[in-house]
Amino acid sequence: MDFKNKNVVITGASTGIGFATAKAFIEKEANVLITSRSQENLQKASDKINSANLKTVVSDTANLEGIALLEKAVAESGDKIDVLFLNAGIAVFTSIEEVTEEDFDAQFNTNVKGMFFTLQKLMPHLNDGASVVFTSSTVATAANSGTSIYSATKGAVNKIAQIAANELAARKIRVNIVSPGPIRTEGLEKVVTTDEGKDYLASATALQRLGHPDEIAKTVLFLASDDASFITGTELLVDGGYTTYARK
Ligand SMILES: NC(=O)c1ccc[n+]([C@@H]2O[C@H](COP(=O)([O-])OP(=O)(O)OC[C@H]3O[C@@H](n4cnc5c(N)ncnc54)[C@H](OP(=O)(O)O)[C@@H]3O)[C@@H](O)[C@H]2O)c1
């Protein structure tokens with residue numbers, strides 16, 4: 001996979017899956033621009049990756065002003081984008097009875113509105129033949145109790161990505177979806193706080209373990225690469241068998 005001097009933009013990459021993917025692209029000598037809501041978190045990520053090819057921009061994807069800051073940074077760079085990884089996302093797990101308007105809006109604004117308008121605003125900056133990858137989740141097709149809003153956001157993401165694959169095909173831009181199962185990230189640690197909770201999630205996979213962010217990063221690099229040249233509009237589950245696992 002050759003990403004040397006390719007321009008990659010990743011939303012939500014101060015930690016977790018986005019961070020691992022930024023690191024993987026940097027190791028392939030790509031130029032990578034990452035976002036998050038926090039300058040401090042971006043600085044920590046930048047210190048860890050420690051590469052002149054990594055740039056950061058504070059951009060809250062949950063509102064159009066934040067997305068405009070990202071667009072401005074891309075426009076000012078003068079470079080067209082070869083890979084756009086729409087990854088920033090949050091989860092709040094609670095029953096329908098207990099969902100608040102604030103939880104509802106925060107998840108839809110970040111996970112759906114954020115990905116949609118980032119794609120829309122960056123579309124003119126994509127090279128023809130570029131690759132776009134959305135982070136969805138196995139929950140987009142499952143119906144686990146306590147995940148109503150989060151799952152609904154990821155269902156919406158899948159549909160937006162599929163339609164984007166059709167609308168962008170004329171420019172030879174491929175659009176795909178990576179749907180992780182349970183992955184040990186800072187984000188997962190925030191919503192599944194106990195060892196029992198994490199053990200339970202691991203036991204719900206065929207492979208009996210949580211995934212590593214690097215395992216999602218490798219999939220994103222594959223989808224973004226020429227090795228995936230005939231793959232568009234596809235959802236790739238990277239879930240240790242979570243979706244199909246039948247407990248004995
Ligand atoms: N981990 C899993 O098990 C799992 C499974 C399925 C799907 N996913 C999906 O994978 C993606 C990444 O999750 P993760 O587990 O890697 O979580 P994470 O470690 O919490 O990473 C999320 C990243 O998004 C950033 N972010 C959050 N809200 C943002 C906003 N409004 N604007 C810009 N950046 C924002 C965070 O940075 P700041 O806090 O610095 O802003 C952080 O860099 C999400 O879309 C999530 O839904 C995760």
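Atoms within a ligand are numbered from 1 in the order they appear, just like the ligands themselves. Every value quoted in this text rests on a predicted model; they were computed, and no experiment measured them.
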**Item:** Geometric cation-pi criterion K113 and F108, 6.0 Å radius, 45° cone
**Value:**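 Ring-cation test returns no.
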Between [X] and [Y], does any side-chain donor sit less than 3.5 Å from a side-chain acceptor?
| X | Y | answer |
| --- | --- | --- |
| S179 | E235 | yes |
| S229 | D226 | no |
| N87 | T11 | no |
| Q162 | N166 | no |

**Prompt:** Once you round to the nearest 0.5 Å, how far does CD1 of I26 lie from OG1 of T21?
**Reply:**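 Those atoms lie 12.0 Å apart.
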**Message:** Students should find this: residues with any non-hydrogen atom under 4.0 Å from ligand 1. What is the answer?
**Reply:** G12, A13, S14, T15, G16, I17, S36, R37, S38, N41, S59, D60, T61, A62, N87, A88, G89, I90, T110, T135, S136, S137, Y150, K154, P180, G181, P182, I183, T185, E186, G187, L188
